[in-house]
Amino acid sequence: MRLYLLGLGLLLFVTACQSTGKGGYVTEAEAHPITDTAAEATEPLPTAQEAATAIDSADYRAKLLALANGDTTGRWPVADQPVPLAGAVLPDHRIVAYYGNLYSTKMGILGELPPEQMLSRLDAEVAAWNAADTSTKAIPALHYIAVTAQGSAGSDGKYRARMPFSQIDSVLRIAEKRDALVFLDIQVGFSTVADELPRLDTFLRMPHVHFGIDPEFSMKDHLPPGKRIGHFTADDINKASAHLAELVRAHNLPPKVLVVHRFTQGMIKDYKQIKLRPEVQLVIDMDGWGAPALKTDTYRSYVYLEPIQFTGFKFFYKNDVMRPPHRMMTLEEVLALTPKPIYIQYQ
């Protein structure tokens, strides 16, 4: 796994940003879990508001079963999860996202290419996914690192740099050209989700803007980012989802997608205590790079074995081809994974 850290460390620290300063899950008490018809018949009738925002639970369950890809262990699909509010992106769509930072050509494809060239390439990836899996419509997204971990402490000692809102506005304008979703991602360093998330509320109140958190750069001890792989606890993740859920309720928004990156066992602690909410759709994104066999093993070891809700998979245009057999995984290979990833990211 150290090859992951070395590769991602290079992506982090060689950037222009540096110089710019089934079980066992806890669900919400009021959430409506997926149940059989007999059980549903004993539940109280929904209010008019609840009925207006309901998604057909049988249809939702059928789509989750399809994503489970024939799993027979009982892990997938996760049984005790709420049916999302109306307007949910998942699992009706597969999100195909380009990741990066506009200040850097080293942190991902989003900042590496000029916008029009980048969007054309994203168009091709979306089309490829639609051809590979005709059962699920692929849609484009831009996944922007709005808070980047840093190798130096900065004036407040937090080892992170907040991107100016003008840069986020630029990403929104680029995304508008393709009617694409936008994800704002944070690498907190010595800061916290609770401190970084609310300052992005102006953008997260927009229906098409979603959120991502990166445990790798959440440092819980004295070592700065890049010296050790960090982690988030269930409490950290629950605070993020609770805040997003509050925004959804307060502003009558469709559910938010919350992406949590992962490529080691220790990056997520106490996963069984993560709460699932009808206002938030939680994706664990397999974020490691390497040869196909290594990426597949990582997915099975850390994403498949600790089911939370939805899964994602990340491609690295450069790092994935560094070692034999010097190729990225095919779309067909990724679609053969159990469960099928519903969020796809390219860096």
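With respect to D195 and K158, no salt bridge is recorded, no charged nitrogen being found less than 4.0 Å from a carboxylate O. The pair R121-E112 does not meet the salt-bridge criterion, since no charged nitrogen lies less than 4.0 angstrom from a carboxylate oxygen. Ion pair D92/K63 flagged as a salt bridge, since at least one NZ, NE, NH1 or NH2 atom sits closer than 4.0 Å to an Asp/Glu carboxylate oxygen. Taking the charged nitrogens against the carboxylate oxygens, D236 and K220 do have a contact shorter than 4.0 Å, which makes a salt bridge.
Ring planes of Y317 and Y98: perpendicular class, angle over 60° (limits at 30 and 60°). Note: H143 and F183 have parallel aromatic rings, judged against thresholds of 30 and 60 degrees for the angle between ring planes.
The 12-atom threshold is not exceeded at CG of D179, counting heavy atoms of other residues, nucleotides or ligands nearer than 6.0 Å. Enclosure of atom CZ in R300 is not indicated, since only 12 or fewer non-hydrogen atoms of other residues, nucleotides or ligands lie within 6.0 angstrom. Shown here is E246, whose CD atom has no more than 12 heavy atoms of other residues, nucleotides or ligands within 6.0 Å. More than 12 heavy atoms of other residues, nucleotides or ligands shown are found within 6.0 angstrom of CD on Q265.
The closest donor-acceptor contact from the side chain of E279 to the backbone of A245 lies at 3.5 Å or more, if one exists at all.
For the residue pair T73/D71, the side-chain donor-acceptor check at 3.5 Å is satisfied.
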